[in-house]
Amino acid sequence: MCYDTPMAHVILPIPLEEKLDILTESARYDVCLASCNASAGGGRGRVRDPSQPLNRWIYPAAVPGGGMVHMLKVLMSNICVNNCGYCFFGASKNCGRRTFFRPEELAALFMKFYRSGEVNGIFLSSGVMGGSEETMEEMVKTVWLLRYRYHFPGYVHLKVLPGVSEGLLEEAVRLADRISLNLEAPSVEHLGKIAPEKDFRKDLLGPMDKLGRLIRRGEGRTASQTTQFVVGPSEESDLDILRTVDWIYRERFIFRSYFSAYQKGESPLRQGGGEGDVLLREHRLYQCDFLLRAYGFRLPDLVFDEESRIPLQTDPKTAWALMHREMFPVDINRATEEELMRVPGIGPLSAFRIVEWRRENPFRSLEDLKTSGCVVSRASSFIEFSGKKAREEQLYLFEREPPGEWKMGVEPLQKEKIGRDYSYPAQKGKTVNYLFKGGNTVPLYCR
Ligand code: SF4
């Protein structure tokens, strides 16, 4: 059946291929999918040749543990009884045609594409039809059919809906390779502004905790859980978001966080909101997240302005460096790996290479350093080689006074439980994919 408005006017049955078109288009803006190759199709949406119907909705994605999957990203349904302020599919919105798959339909359709070699993974999400429990049952049944009727061995990323029962959470962990449950906002108050039907603690944090425990027990297939924040609509600050991110990492609920800028007109899911810098803000949040997970930074190291925003004019690591001018220049041939990773332009891989390679051949110039993979143009203002300036005429950036409104040393949530050297146990030793602005994916090892 197909519904042409949220008020559920039942009209003609529609062909499966058409449903697929509607429900893959609707799924397109969910960013909780490991490193979809945004560059290949020109931005955050579709990839490959859009004149080919199926190609429009297959996403090459780097998956945890390495390797690429061609993922069909699809909704079970774009019908929803909720009315989240940032979402185009809310019950009161006119988002065009609404429809849903039955589990048997979607499983059979997916297997057709799998057998023809066009896809080898699926990302399944949904609006809430009737109730979360009923909809989640349909989603879990779809994956069950894939696993047990069709013996599909490949990658499944399953979105968990808010407030579903423990039994369904257990089933989801048993069947899917990766699970995501979106917080969307950083606190009870912020979520209340944009999604009043959802209970932050009961519907989101509770199940997230439960999923984290089930995943750590290791009895199911699921390797990790992710979440997503919509950036902007609840008037949250960057600090509000990053405090919650820091907390859910410490509590081992979540393996990684995604951030989705809420911007007017850019996508159906993000209509009606923020302007201008929101994409840059999203990018800075990703940079902060990677500093936290892969560079050994902790929340109190991050720089904010007086309104608890991340400075947009510079990247967060350079902001940290400008606030720590006493730490520079860093000597490439003497510094520890941790000190090297604090230098703008030097990442975990280049820091590792520098420490390994300098044993045999100390670095003498910026030219030498290029081979390590570091971004020399950014690093050159912060380094020296065995006591010699990287450039004679160099104007060291770290000698600049940082803007007076910058501050750091913010307190994490639940500060009484942690020391200065707190860590994120769920990330430690794992490899994550960092998607650079240009669209390249680089695997990073988390410390
Ligand atoms: S975010 Fe999800 S629950 Fe909220 S209106 Fe959109 S589809 Fe429905």
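Start at 1 with the first residue, then count along the sequence. When a ligand or atom number is given, it counts from 1 through the structure's own listing order.
Not counting sequence neighbours, D199 has no partner by the salt bridge (charged side-chain N to carboxylate O under 4.0 Å, His left out) test. A search for salt bridge (charged side-chain N to carboxylate O under 4.0 Å, His left out) contacts involving R174 returns E171, not counting sequence neighbours.
Counting the atoms of ligand 1 from 1 in the order shown, those under 4.0 Å from a heavy atom of C80 are 3 (S), 5 (S), 7 (S), 8 (Fe). Interface of G127 with ligand 1, defined as ligand atoms under 4.0 Å from a residue heavy atom, comprises 7 (S). Taking every non-hydrogen atom of C87 and a distance limit under 4.0 Å, the qualifying atoms of ligand 1 come out as 1 (S), 5 (S), 6 (Fe), 7 (S).
Not less than 6.0 angstrom separates the ring centroid of Y150 from the ring centroid of F110.
Residue-level proximity to ligand 1 for C84 is carried by backbone and side chain together, each with a heavy atom below 4.0 angstrom.
Under a 4.0 Å heavy-atom criterion, F88 is not in contact with ligand 1. Residue contact annotation: G90 has a non-hydrogen atom under 4.0 Å from ligand 1.
With hydrogens and angles ignored, the 3.5 Å screen pairs no side-chain donor or acceptor of K198 with any backbone N or O of L191.
One finds no salt bridge joining D277 and R309 here, because no Lys/Arg side-chain nitrogen approaches an Asp/Glu carboxylate oxygen to under 4.0 Å.
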